[in-house]
Enquirer: 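The structure under discussion is supplied below as structure tokens; questions concerning it will follow.
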2 protein chains.
Amino acid sequence: MKKPKPALSEICRVQVQGVKDTQDLLSGKWKIVIIAALYANGKFRFMDLGRHIEGIAPKVLSKELKDLEMNQLVKRTVLDTMPITVEYELTPQGKSLNKVVDAMAEWGVNYRETVLKR
Amino acid sequence: MKKPKPALSEICRVQVQGVKDTQDLLSGKWKIVIIAALYANGKFRFMDLGRHIEGIAPKVLSKELKDLEMNQLVKRTVLDTMPITVEYELTPQGKSLNKVVDAMAEWGVNYRETVLKR
DNA sequence: ACACCTAGTTACCAAAAGGAAACTACTTAC
DNA sequence: GTAAGTAGTTTCCTTTTGGTAACTAGGTGT
């Protein structure tokens, strides 16, 4: 696909880039769901989070959490308990996704009602 | 991962399901970008949309548009011109994603500024 | 000793996503 | 007749994603 047309105004280009960046960071089936769960619950230990998100495998949960941690959206804390437990919570950056999460939740609920009708 | 714990309240479960539904419909690298572009511009012909979204291949654009059309987010109109042209635009359902798009745009722009620092 | 809890990791595999390049089919302009 | 523009499709390929199941490694309870 050739690209001879720089049409959209600069402001729009920046907006679209923002959307793209957000999408990149939240890519995949589970990241936004993990964030929504942490957002709703505050903190979670690894196993609890896994039990909570229906259908996710530990391998996948582990990998997604690593990605989120790397992008500074999630904080991982090892607690000095016996046996050791690990707590996951949103960073301020992660929490700042609240508008995105809320908008997606609202839209999804409405879509299910009006389009899927169930 | 076993699932003996139905912890989150019903209201939260519904919210998380909403997020999941939204994520499913907008899955992949390009859908939300296409929507953002249509949202910013109103209408686009196939080639213009392709030229506009940097890096997308016609095959991929075609497939994504079909998905979006199937889910009633995008409307495809064949215009009786010579040569025929095809116009793509958001449906009301697609337009109702504005809060999601805006939130993602804002968050992404802010993330780039504060975390990536460029 | 053995089962069970914690938090993961590893190996293996299938399906999906996505990119590159070529190609179709139709029309118009030169 | 040939090039160029419309809107895609087809083929081939590689990478990524995500799932299952088994396994590691430390500690607790009986």
Enquirer: Take the protein atom CD1 of Ile53(B) and the nucleotide atom C1' of dG8(D), then report the distance between them rounded to whole Å.
Expert: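 Ile53(B) atom CD1 is separated from dG8(D) atom C1' by 16 Å.
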Enquirer: At what distance, to the nearest 0.5 angstrom, does CD of Gln17(A) lie from OG1 of Thr22(A)?
Expert: 9.5 Å
Enquirer: Nearest-Å distance, CG (Leu65(A)) to P (dG18(D))?
Expert: 13 Å
Enquirer: Does a side-chain N or O of Arg51(B) approach OP1 or OP2 of dT6(D) to a distance below 4.0 Å, or not?
Expert: yes
Enquirer: Please encode protein proximity along nucleotides 16-30 of chain C as a string of B, S and -, counting only heavy-atom distances under 4.0 Å.
Expert: -SBBB------SS--
Enquirer: What's the spacing between Ile84(A) CD1 and Met82(A) CE if we round to 0.5 Å?
Expert: 8.5 Å
Enquirer: Before accepting this row, confirm whether a basic side-chain N of the pair Glu87(A)/Lys43(A) lies closer than 4.0 Å to the acidic partner's carboxylate O.
Expert: yes
Enquirer: Could you tell me the separation between the CZ atom of Phe44(B) and the C1' atom of dT6(D), rounded to a whole number of Å?
Expert: 17 Å
Enquirer: Measure from CD1 on Ile34(A) to P on dT17(D) and round the result to the nearest Å.
Expert: 14 Å
Enquirer: Starting at CG of Leu49(B) and ending at P of dA7(D), how long is that distance when rounded to a whole Å?
Expert: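 Computing the Leu49(B):CG to dA7(D):P distance gives 10 Å.
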Enquirer: Taking only residues two or more places apart in sequence or in another chain, which ones pass ring pair (Phe, Tyr, Trp, His ring centres under 6.0 Å) with Tyr111(A)?
Expert: Trp107(A)
Enquirer: dA7(C), OP1 or OP2 - any side-chain N/O from Ser62(A) closer than 4.0 Å?
Expert: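 No.
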Enquirer: Rounded to the Å, how far apart are Asp24(B) CG and dG18(D) P?
Expert: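 Interatomic distance, CG of Asp24(B) to P of dG18(D): 11 Å.
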Enquirer: Using side chain to side chain contact (heavy atoms under 4.5 Å, CB included) as the criterion, list what pairs up with Asp67(A), not counting sequence neighbours.
Expert: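 Here the qualifying residues are Lys31(A), Lys63(A), Glu64(A), Met70(A).
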Enquirer: Give the rounded distance in Å between these two atoms: CZ of Arg45(B) and P of dG5(D).
Expert: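 The distance from CZ of Arg45(B) to P of dG5(D) comes to 12 Å, rounded to the nearest Å.
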Enquirer: Restricting to pairs with a member in residues 72-98 of chain A, which pass ring-ring contact (aromatic ring centres under 6.0 Å, His included), not counting sequence neighbours?
Expert: none
Enquirer: Which residues in residues 67-80 of chain B have at least one heavy atom lying under 4.0 Å from any atom of DNA chain D?
Expert: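 Correct list: Arg76(B).
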Enquirer: With Ser27(A), which residues qualify under side-chain hydrogen bond (donor to acceptor under 3.5 Å, both in side chains), at least two apart?
Expert: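 Here no residue qualifies.
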Enquirer: Less than 4.0 Å between a side-chain N and a carboxylate O, is that true for Asp48(B) and Arg51(B)?
Expert: yes
Enquirer: On a heavy-atom basis, which atom in Lys75(B) and which in Thr91(B) lie closest, and how many Å separate them?
Expert: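 Shortest heavy-atom separation between Lys75(B) and Thr91(B) comes out as N-CG2, 3.8 Å.
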Enquirer: Mind calculating the distance between CG (Leu61(A)) and P (dG19(D)) to the nearest angstrom?
Expert: 11 Å
